[in-house]
Amino acid sequence: MKKIIIAGPRGKMGSEAIKLVQSQEDMRLVACIDRKNNGKKLADIAELPNLDVPIYEDALECFSEIDANILIELTIPEQGYKHTKAAMEHGIRPVVGTTGFTEEQIDELSWLASERKIGCIIAPNFAIGAVLMMKFSQMAAQYFPDVDIIEKHHDNKLDAPSGTAVKTAEMIKESREYKKQGHADEKETYPGARGADYDGMRIHSVRLPGLVAHQEVIFGSPGQTLTIKHDSINRASFMEGIKLATDKVMEIQEVIYGLENVL
Ligand code: NAP
C-alpha cells in the first residue's frame, strides 16, 4: 500500500490528485500540506472529499509526524522545492508536478537522491499525449530544423515558457542541427514579438483565461509545414502519468526528470 501525502489539495491539480488516490486500491491518502487550514481534516473543507485526513501547514511537521512513502507535490515553484527537498530528507519519495524548478534546484535534488538513495520524479507535464508530442517533435526535427513552439496556458501560470515547452526544445536540440531561424536582418518593432530564442528556434507563450495546457510545434520547410499539437482539456489528463510515477518512484534511487524517462 502506497501511503501518500498531497501538497496543494485545494488547487486544481491537487484536488484531481485526491480523486486519483481515492480511486486506487493500492494508494491511501495519509495527509495533506496546505498553507491554510492547519489542524483541520479534509472533511472540514467544503470543496474537498469527506475524508478523515489531517492537514498540515508546516511540511516539516507533517513529514516528521506522518508515516508516508510518497509526496505528490502540486503547489508553486518556491514552496514546492522546499517541500520536495524536505520530503527526501525524511525518506519520503516525491512525485513533483509543480513546474518552474531551476536547473540548480534539480541538480541539488539529484545530489540529495544519490546521497540518501531515494527516488524522486519531476515531470513538467504528466499527460502521456504531451510526452508523445515531444518524442514526435524530436523525430521531426531531424528533417525540419526550422521550428517554432507555441505553448498556451491559463493566465494563472507563473512560469514562462512552460516546462513542457522547455523540455520539448531540449529534446528537439538533441536531433536538430543548429540553425538561427528567421531573416538575418529581422527587427522586432515590439520587444518579444519573435518569442524567446532557444538554440536558434523560437518559443512563444500565450496566457489567457479559459485555456488549460496546450502546445503546438510547427515545423516549416519549403512547400510544407508539419504541426504536432497536444491539448490537455482538463486536469484529469495528467493523472495517468502521476499514477505511473508513483509506481516508478518506489523502484528508483535517483531523480528522474520528465515523464518520457518513466514510460
Ligand atoms: P492552482 O489551482 O493555483 O493550485 C496551486 C495550489 O498551491 C493551491 O492549493 C495554492 O493554495 C497552493 N499554494 C499557492 N501558493 C502557496 C504557497 N506559498 N505555499 C503553499 N501552497 C501554496 O494550480 P494548479 O493548476 O493546481 O497547478 C499546481 C502546480 O502544478 C503548478 O506549478 C502548475 O504549473 C503545475 N502543473 C503541472 C502539471 C504537470 O503535468 N506536471 C499540469 C498542470 C499544472 P491557495 O489556494 O491558498 O493559493
Side-chain angles (χ1 to χ4, degrees), residues 2-18 20-21 27-36 38 53-127 131 157-159 162-164 166-167 170 235 238-239 241-262:
K2 290 174 282 183
K3 287 168 276 183
I4 312 267
I5 297 172
I6 294 179
R10 286 175 299 105
K12 290 180 283 299
M13 286 290 282
S15 52
E16 202 63 48
I18 294 176
L20 167 74
V21 172
M27 291 188 191
R28 187 158 58 85
L29 186 63
V30 290
C32 287
I33 299 169
D34 185 354
R35 66 169 164 169
K36 296 174 190 156
N38 191 36
V53 168
I55 298 174
Y56 289 80
E57 266 178 46
D58 183 345
L60 293 181
E61 197 186 329
C62 177
F63 299 147
S64 308
E65 287 185 7
I66 297 289
D67 174 25
N69 314 108
I70 296 173
L71 165 72
I72 300 181
E73 165 48 52
L74 299 163
T75 62
I76 60 163
E78 197 189 338
Q79 210 57 31
Y81 174 68
K82 288 184 192 157
H83 292 163
T84 303
K85 192 164 175 236
M88 290 165 83
E89 285 166 348
H90 284 80
I92 298 169
R93 294 163 183 260
V95 168
V96 181
T98 302
T99 56
F101 284 14
T102 64
E103 255 178 57
E104 292 73 35
Q105 288 174 331
I106 293 167
D107 287 349
E108 172 94 5
L109 295 171
S110 297
W111 177 83
L112 190 59
S114 62
E115 180 82 357
R116 303 268 171 150
K117 304 211 175 341
I118 189 166
C120 170
I121 295 177
I122 305 170
N125 198 325
F126 274 112
V131 173
K157 187 166 176 59
L158 296 178
D159 50 320
S162 71
T164 303
V166 172
K167 187 72 197 169
E170 287 169 359
R235 283 165 179 76
F238 305 113
M239 295 304 133
I242 290 185
K243 182 161 92 79
L244 287 175
T246 61
D247 289 333
K248 182 77 178 178
V249 81
M250 296 306 296
E251 297 166 7
I252 58 172
Q253 299 189 341
E254 60 184 324
V255 172
I256 293 185
Y257 181 76
L259 186 64
E260 66 284 3
N261 297 314
V262 173

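What you see is a predicted model, and the numbers here were worked out from it, not measured in a lab.
For the pair I55/P9, no side-chain contact is recorded, criterion being any heavy-atom separation below 4.5 Å from C-beta on. Counting heavy atoms from C-beta outward, R93 and I121 have side chains that stay 4.5 Å or more apart. Residues I66 and P54 form a side-chain contact, since some pair of their non-hydrogen atoms from C-beta on lies under 4.5 Å apart. Taking the side chain as every heavy atom from C-beta outward, V30 and D67 never approach each other to under 4.5 Å.
When all heavy atoms of I122 and C120 are compared, the closest pair comes out as CG1-SG, 3.8 Å. Smallest separation of non-hydrogen atoms from H90 and A86: ND1-O, 2.9 Å. Annotation for F126 and A245: closest pair CE2-CB, 3.7 Å, computed over non-hydrogen atoms. Pairing each heavy atom of P77 with each of G100, the nearest pair is CB-O, 3.9 Å. Of all heavy-atom pairs between D159 and K157, the closest is OD1-NZ, 3.1 Å. The two residues I242 and M13 have their closest heavy-atom pair at CD1-CE, 4.3 Å.
Here the CD1 atom belonging to I72 is positioned 8.5 Å from the NZ atom belonging to K2, to the nearest 0.5 angstrom. With rounding to the nearest 0.5 angstrom, the CD1 atom of I18 is 4.5 Å from the SG atom of C32. For the atom pair CD1 of I70 and CD1 of I4, the computed distance is 4.0 Å after rounding to the nearest 0.5 Å. Between atom CG of residue N69 and atom OG1 of residue T246 there is a gap of 10.0 Å, rounded to the nearest 0.5 Å. Summarising the geometry, atom CG belonging to L112 is positioned 12.5 Å from atom CG belonging to D107; distances are rounded to the nearest 0.5 Å. Atom CD in E89 sits 8.5 Å away from atom CG in L60 (nearest 0.5 Å).
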>> Let's go through E16 and F238 carefully: what are the C-alpha distance in whole Å and the side-chain angles of both, what is the deciding distance for side chain to side chain contact (heavy atoms under 4.5 Å, CB included) to 0.1 Å, and is it a yes or a no?
In response: CA-CA 9 Å; E16 202 63 48; F238 305 113; over 6 Å; no
>> Please evaluate residues I33 and T75 with respect to the criterion side chain to side chain contact (heavy atoms under 4.5 Å, CB included), reporting the C-alpha separation (whole Å), side-chain torsions for both, the decisive distance (0.1 Å), and the verdict.
In response: CA-CA 10 Å; I33 299 169; T75 62; over 6 Å; no
>> One pair to check against side chain to side chain contact (heavy atoms under 4.5 Å, CB included): Y56 and I5. What are the steps and the verdict?
In response: CA-CA 10 Å; Y56 289 80; I5 297 172; over 6 Å; no
>> Y257 vs K167, test: side chain to side chain contact (heavy atoms under 4.5 Å, CB included). Steps then yes/no.
In response: CA-CA 10 Å; Y257 181 76; K167 187 72 197 169; 3.8 Å; yes
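Counted within 6.0 Å of CD on E103, heavy atoms from surrounding residues, nucleotides or ligands total 12 or fewer; the atom is thus considered open. Counting heavy-atom neighbours within 6.0 Å of R10 CZ, excluding the residue itself, gives a total above 12.
Remark: the backbone N or O of I256 is not paired with any side-chain donor or acceptor of N261 at under 3.5 angstrom.
Within the structure, side-chain hydrogen bond (donor to acceptor under 3.5 Å, both in side chains) contacts touching residues 76-85 (residues at least two apart or in different chains) are E73-H83.
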